[in-house]
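Right, one structure below, let's go through it.
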2 protein chains.
Amino acid sequence: MIRDSRLSGVLHGLLHMIGAGEPVTSEHLATAMATNPVVVRRVMAGLREQGLVRSEKGHGGGWTLARDPAAITLAEIYRAVGAPTIVAMSHRSENPGCLVEQAVNDALGDTFREVEALFLKRLGAVTLEALAKDFKRRLAKHRQTLKDQIHAAK
Amino acid sequence: MIRDSRLSGVLHGLLHMIGAGEPVTSEHLATAMATNPVVVRRVMAGLREQGLVRSEKGHGGGWTLARDPAAITLAEIYRAVGAPTIVAMSHRSENPGCLVEQAVNDALGDTFREVEALFLKRLGAVTLEALAKDFKRRLAKHRQTLKDQIHAAK
DNA sequence: CATCATGTAACATATGAAGTTACATGATAC
DNA sequence: GTATCATGTAACTTCATATGTTACATGATG
């Protein structure tokens with residue numbers, strides 16, 4: 001299973017950064033990501049190492065995107081977020097000599113790599129910008145819906 | 001990440017059943033699977049529900065394969081073992097109304113299904129019998145290697 | 001130099017998987 | 001039939017890991 005709870009949280013945060021024209025504090029992001037500032041820093045630190053975001057200290061400091069959202073794909077984010085290899089076989093006993101595991105690996109090793117490659121390829125086809133646009137569209141529609149409901153209630 | 005620790009343990013157990021001509025006890029399997037009898041029963045219960053194995057009580061009781069190993073694929077075993085959907089997105093807040101998650105789902109929903117389908121397709125191409133044969137080959141080779149080493153040491 | 005924000009270590013909590021104990025149920029042997 | 005063996009299962013106890021929290025150091029800004 002893919003560790004997505006993090007991924008979706010991080011995406012929340014990144015979309016916020018796109019929206020804001022200035023650095024966003026960990027505290028602010030913590031609200032958006034439904035967690036707390038220290039966790040935000042921990043997770044964002046991974047993205048920073050991959051050159052996806054920047055952080056600045058002091059007054060007016062916080063987190064900003066380091067690159068054009070159109071040039072950032074979900075694949076990079078997924079990796080930066082600490083992608084556990086999607087499929088990993090049996091490290092239960094850390095027994096590389098186990099003949100059963102060898103047989104399974106021989107039969108499925110390529111499959112594991114293939115599946116992971118497909119997944120990353122698809123993630124690589126979605127840019128942060130595309131996601132942001134889609135999100136904004138949904139947001140606008142959502143607001144319109146709310147407005148309509150208010151009108152209807154009058 | 002795929003929950004494989006279980007899968008590889010179960011495969012150990014199933015290969016044992018193929019080898020033995022008689023029912024194998026949970027205690028015996030526990031040794032092969034590096035765990036304990038109760039855990040074995042818990043896990044095997046899932047396989048039994050899928051009609052892959054049978055269990056019998058009393059003297060001479062234990063676990064046996066319910067079907068021809070040539071007709072059992074790793075896909076079935078994987079599913080029976082309690083396959084968590086490979087890719088599942090953000091149930092962090094169980095917030096189906098979240099617009100970010102909606103956007104992600106819209107962008108990647110098909111991908112998730114596609115990746116999972118590929119994985120299961122590949123697992124479905126490997127039968128338990130094929131795995132058992134490969135395992136036996138390795139075992140024979142392994143024994144030969146040990147024998148050679150003993151000869152060389154003389 | 002006071003304030004604000006990140007960086008990070010150290011610790012606390014929560015969740016779920018795995019292991020364990022205990023006992024009930026059913027099957028076989030004698 | 002009853003002693004024994006094996007599964008079935010509930011209840012409980014670890015154990016591992018992700019997450020949350022506190023505390024304080026470091027660096028930047030006004």
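Order of the sequence lines sets the chain letters (A, B, ...), proteins ahead of strands, with each chain counted from 1. This is a predicted model, so every value here is computed, not measured.
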How many Å lie between [atom1] on [X] and [atom2] on [N], as a whole number?
X	N	atom1	atom2	result
B:E22	D:dT7	CD	P	13 Å
B:L7	C:dA18	CG	P	12 Å
A:N36	D:dG20	CG	P	6 Å
A:L47	C:dT6	CG	C1'	15 Å
A:E27	D:dT22	CD	P	12 Å
A:W63	C:dT6	CH2	C1'	7 Å
B:H59	D:dT7	NE2	P	12 Å

Quiz item: Does D:dA6 have OP1 or OP2 sitting under 4.0 Å from an N or O in the side chain of B:S26?
Solution: no

Quiz item: Are OP1 or OP2 of D:dG8 and a side-chain N or O of B:S55 less than 4.0 angstrom apart?
Solution: yes

Quiz item: Which part of the nucleic acid, if any, lies within reach of B:G60 when heavy atoms closer than 4.0 Å are counted: base, sugar-phosphate only, or nothing?
Solution: nothing

Quiz item: Mapping A:R42 and A:E56 onto DNA chain C by nearest heavy atom, which one lands closer to the 5' end?
Solution: A:E56

Practice problem: Evaluate side chain to side chain donor-acceptor pair (under 3.5 Å) for B:Q144 paired with B:D148, printing each intermediate quantity in order. | Solution: CA-CA 6 Å; B:Q144 186 58 48; B:D148 291 348; 3.1 Å; yes

[X] side chain: which of [options] is closest?
X	options	value
B:V39	C:dT20, C:dT6, D:dG20	C:dT20
B:R41	D:dT7, C:dC4, C:dT6	D:dT7
B:K57	C:dA22, D:dT7, C:dT6	D:dT7
A:V38	D:dT21, C:dG7, C:dC4	D:dT21
B:R48	D:dG8, D:dT7, D:dT29	D:dG8

Quiz prompt | Heavy atoms of other groups near B:Q50 CD, more than 12 under 6.0 Å | solution = yes

Quiz item: Between A:R67 and A:E76, is the closest basic N to carboxylate O distance under 4.0 Å?
Solution: yes

Quiz item: Side chains of A:S55 and A:R48: do they bring a donor and an acceptor to under 3.5 Å?
Solution: yes

Quiz item: Got a second to check how far B:R143's CZ is from B:R138's CZ, nearest 0.5 Å?
Solution: 15.0 Å

